[in-house]
Student: 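Let me give you the structure first, and then I'll get to my questions.
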Amino acid sequence: MRSYHHLFRAPEFTPLFLASCAQTAAHTVGGPALGTLVYEATRSPLLAAVSMFGASLAQVVGATFFLSGADRLPPRTALTGICLGFAATTAVLALPGLPVWAVFAVVLAQGLIASLGGGVRWGLLTEILSKDGYLLGRSVFNMMSGLMQIAGYAVGGVLVAVLSPRPSLLLAAAVYAVAAVGLRAGLSRRPPRASGRPSVSATWRTNALLWSSPARRHLYLALWLPNGLVVGCESLYVSYAPHAAGTLFACAALGMFVGDVTVGRLLPPALRARLGVPLLLLLATPYLLFFLRPAVPLAAVAVTVASVGFGASLVQQERLMAVTPDELSGHALGLHSAGMITMQGVSAALAGTVAELTSPAMGMTVMAAASIAVTLALVAVSLRHAEEGGLVVVGRR
């Protein structure tokens with residue numbers, strides 16, 4: 001599968017794509033609204049960051065206990081149920097007078113609901129397109145995510161300013177419900193990819209199997225840690241520039257879009273395979289500029305350039321699919337998604353803590369430096385294993 005034209009001719013690709021567009025739009029409208037609501041109530045950078053990314057923390061629980069459902073549940077039913085769950089919980093977040101502790105309880109519930117989403121969605125994508133079309137298809141989803149985030153954060157910023165956060169959350173809940181309807185109507189009824197019932201023991205067995213491979217283990221760490229730490233930087237946009245956070249989020253989405261187009265469509269495979277490490281370093285390095293507390297225009301440029309580096313994940317996901325059996329593709333991609341999003345939540349909490357003790361600018365600087373250090377450490381380990389006849393360098397074949 002070599003062109004976008006072929007992608008959209010594949011049966012069921014378009015409804016899955018459009019529903020994902022709606023989900024991304026709902027998330028980007030609702031996330032800043034919730035962060036603003038919590039920040040106005042508490043004036044805490046930590047609580048604002050965790051409110052936006054705290055659902056990620058619960059995904060480690062889902063990945064530990066429930067992820068076997070990614071390959072053992074009917075995809076249409078699972079994806080529709082996840083969207084309806086988000087619609088209901090987002091509507092609850094809009095309730096007036098909801099105490100902060102209740103907000104975080106709902107956010108954690110969303111994380112548990114979402115823990116299956118990545119595995120089911122991306123596993124279904126490998127069925128719709130087959131493995132040889134996965135990279136191109138996933139790059140289209142990532143590009144869509146970037147564009148929808150640009151539009152969503154821009155619209156969300158206007159809605160928060162004009163209507164206040166609660167109506168923005170209700171709008172997000174409605175969009176989630178629309179996505180659920182689209183999935184139910186547009187996807188065909190498919191059997192689960194793997195036999196057996198979802199269970200905690202099945203989840204543990206498959207997680208252990210996936211993690212037992214040194215190549216997969218190294219790829220998971222490269223997928224989870226460097227970009228997770230950079231998302232910690234993003235979690236501080238609201239406290240760094242309360243009235244321009246939407247601009248920074250939109251610029252980050254623009255950079256991610258450019259990176260996904262470049263890696264997924266423009267680069268030849270041989271060159272793409274060699275850019276994993278440079279892209280990870282690009283992802284973090286521009287955030288070191290925040291040590292100087294740049295004004296919003298310069299900060300926006302730095303954020304845009306840095307976010308091109310998110311294209312590294314496509315390189316690593318392509319390699320992950322090459323070293324994973326077909327019947328475990330949903331679980332493997334679900335473990336990647338859950339681990340990545342969990343690390344984003346942990347990083348948001350860490351970044352918020354540093355910002356509480358110092359400043360949002362210093363929090364961004366520290367998280368960027370940590371991301372660079374982790375990337376270099378992974379390269380050093382990979383090179384050592386390569387000399388011993390084991391792993392290959394991150395992002396290389």
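Side chains included, hydrogens not; waters and symmetry mates left out as well; all remaining heavy atoms used.
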Student: Between Tyr220 and Ala332, is there a donor-acceptor pair closer than 3.5 Å when you use the side chain of the first and the backbone of the second?
Tutor: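 Yes; at least one donor-acceptor contact below 3.5 Å.
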
Student: So, Ser239 side chain and Leu236 main chain: donor-acceptor pair closer than 3.5 Å or not?
Tutor: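 Such a contact is found between Ser239 side chain and Leu236 backbone.
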
Student: Using only atom types and a distance under 3.5 Å, with no angle test, would you say the side chain of Ser329 pairs donor to acceptor with the backbone of Pro325?
Tutor: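 Checking the backbone N and O of Pro325 against the side chain of Ser329, no donor-acceptor pair under 3.5 Å is found.
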
Student: Answer yes when Glu318 and Arg138 have at least one side-chain N-carboxylate O distance shorter than 4.0 Å, and no when they do not.
Tutor: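 A salt bridge is absent here (no side-chain N lies under 4.0 Å from a carboxylate O).
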
Student: Would you check if the side chain of Ser371 reaches a backbone N or O of Pro226 as a donor-acceptor pair within less than 3.5 Å?
Tutor: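 Judged by distance alone, yes, a pair lies under 3.5 Å.
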
Student: Kindly say whether the aromatic ring centers of Phe310 and Phe257 come within a distance under 6.0 Å.
Tutor: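 When the ring centroids of Phe310 and Phe257 are compared, they turn out to be at least 6.0 Å apart.
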
Student: Report, as yes or no, whether the 6.0 Å neighbourhood of atom CZ on Arg190 holds more than 12 heavy atoms from other residues, nucleotides or ligands.
Tutor: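 More than 12 heavy atoms, drawn from other residues, nucleotides or ligands, come within 6.0 Å of this atom.
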
Student: Indicate if Leu292 and Val354 have the same hydrophobic cluster label, given that clusters are the connected sets of ILVMFWY residues with side-chain heavy-atom separations under 4.5 angstrom.
Tutor: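 Leu292 clusters together with Val354.
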
Student: Show, in sequence, the C-alpha distance, side-chain angles and deciding distance for Leu95 and Arg166, and conclude whether the side chain to side chain contact (heavy atoms under 4.5 Å, CB included) test is met.
Tutor: CA-CA 7 Å; Leu95 293 174; Arg166 286 190 176 85; over 6 Å; no

Student: Tell me, yes or no, whether the heavy-atom count around Trp204 atom CH2, taken from other residues, nucleotides or ligands under 6.0 Å, exceeds 12.
Tutor: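 Count not over threshold, so no.
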
Student: Are any non-hydrogen side-chain atoms of Leu169 and Leu34 less than 4.5 angstrom apart?
Tutor: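 Yes - at least one pair of side-chain heavy atoms lies under 4.5 Å apart.
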
Student: Regarding Arg205 and Ser68, is there a side-chain donor-to-acceptor distance under 3.5 Å anywhere?
Tutor: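 Looking only at side-chain atoms, Ser68 and Arg205 do not form any donor-acceptor pair under 3.5 Å.
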
Student: With under 30° as parallel and over 60° as perpendicular, where do the rings of Trp224 and Trp211 fit, or are they tilted in between?
Tutor: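 The rings of Trp224 and Trp211 lie parallel, inter-plane angle below 30°.
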
Student: Relative to each other, are the rings of Tyr237 and Tyr287 parallel, tilted or perpendicular (30° and 60° limits)?
Tutor: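 Aromatic pair Tyr237/Tyr287 classed parallel.
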
Student: Between Ser115 (side chain) and Leu112 (backbone), is there a donor-acceptor pair under 3.5 Å?
Tutor: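 The answer is yes, because a donor-acceptor pair under 3.5 Å joins these two groups.
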
